[in-house]
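The structure appears below as structure tokens.
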Amino acid sequence: MPTHTNLRVPGGSMRDLFNGFKEFITRGNVLDLAVAVVIGAAFSGVISGLVDGFIMPLIGWLVGAPDFTSIAFSVPNWKGKETVFQIGLFIQGLIMFLLISAAIYFFVIMPVKKLSELRRKPAEEEVVEEALDEQTVLLTEIRDLLRVQSGSQSNASNN
């Protein structure tokens, strides 16, 4: 009767299999993904609160309470009964998706993008100032060389 030490798996022993799995699971990518899933789940509550507590009431105030779940149509089926297609559920889900996407974009992505641009601007301005300083130094050297050359030419013509 084989024991667990005698078991063979494709490509090596069980120990090799577990070591490979351990290496895979402790890689940074997998851990980063796990953290991202947990943070995403927590952030889902924030976005839902924003949509349910602010955006939907705002839309309700502007155009009335949007509820599309009652939109449906029915088709007779082969048993002589009606098959109901509740298309309003899809429309409601689509609108919620668009609202949540807009909320994430306007309240998260845009501010973070603006913040990163503001952080990047001072560094870019320093580079531009350094480049201008190098250009100024080079132009000053050219001007001085031209003065020396024009001074030596006028001295040569005076002799």
Discussion item. What I'd like to find out is whether the side chain of F68 reaches to under 4.5 Å of the side chain of L94, using heavy atoms alone.
Written reply: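 No - every pair of side-chain heavy atoms lies 4.5 Å or more apart.
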
Calculate, to the nearest 0.5 Å, the distance between atoms [atom1] and [atom2] belonging to [X] and [Y] respectively.
X    : Y    : atom1 : atom2 : value
Q149 : I142 : CD    : CD1   : 11.0 Å
R120 : L115 : CZ    : CG    : 10.5 Å
S44  : I39  : OG    : CD1   : 13.5 Å
F97  : F90  : CZ    : CZ    : 10.5 Å
S70  : L89  : OG    : CG    : 9.5 Å

Item to complete: For T140 and R143, run side-chain contact (heavy atoms from CB on, under 4.5 Å): C-alpha distance rounded to whole Å, both residues' side-chain angles, the deciding distance at 0.1 Å, then the answer.
Response: CA-CA 5 Å; T140 305; R143 181 197 65 200; 3.5 Å; yes

Worksheet item: Which is it for L50 and V46 under the side-chain contact (heavy atoms from CB on, under 4.5 Å) test, yes or no, and what are the steps along the way?
Response: CA-CA 6 Å; L50 177 67; V46 172; 5.7 Å; no

Practice prompt. Might you work through the side-chain contact (heavy atoms from CB on, under 4.5 Å) test for Q135 and L138, ending with a clear yes or no?
Written response: CA-CA 5 Å; Q135 288 178 353; L138 184 60; 5.7 Å; no

Worksheet entry | Qualifying side-chain hydrogen bond (donor to acceptor under 3.5 Å, both in side chains) pairs, either residue in residues 80-98, two or more places apart |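 For residues 80-98: S74-E82, N77-T83.
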
Discussion item. Counting only heavy atoms not in F18 (residues, nucleotides, ligands), do more than 12 fall under 6.0 Å from its CZ?
Written reply: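 Check fails, neighbour count at 12 or below.
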
Fill in: With S101 via side-chain hydrogen bond (donor to acceptor under 3.5 Å, both in side chains) - residues at least two apart
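With sequence neighbours excluded, S101 shows a side-chain hydrogen bond (donor to acceptor under 3.5 Å, both in side chains) to no residue whatsoever.
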
Fill in: Hphob cluster co-occupancy, W61 + F54, side-chain heavy atoms under 4.5 angstrom
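Hydrophobic grouping puts W61 with F54.
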
Worksheet item: For A72 and V84, which heavy atoms make the closest approach, and how far apart are they?
Response: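 In this case the closest contact between A72 and V84 is CB-CG1, 4.0 Å.
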
Worksheet item: Out of D144, V137, L139, which residue meets the side chain to side chain contact (heavy atoms under 4.5 Å, CB included) rule with E141?
Response: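 Exactly one option meets the side chain to side chain contact (heavy atoms under 4.5 Å, CB included) with E141, and it is V137.
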
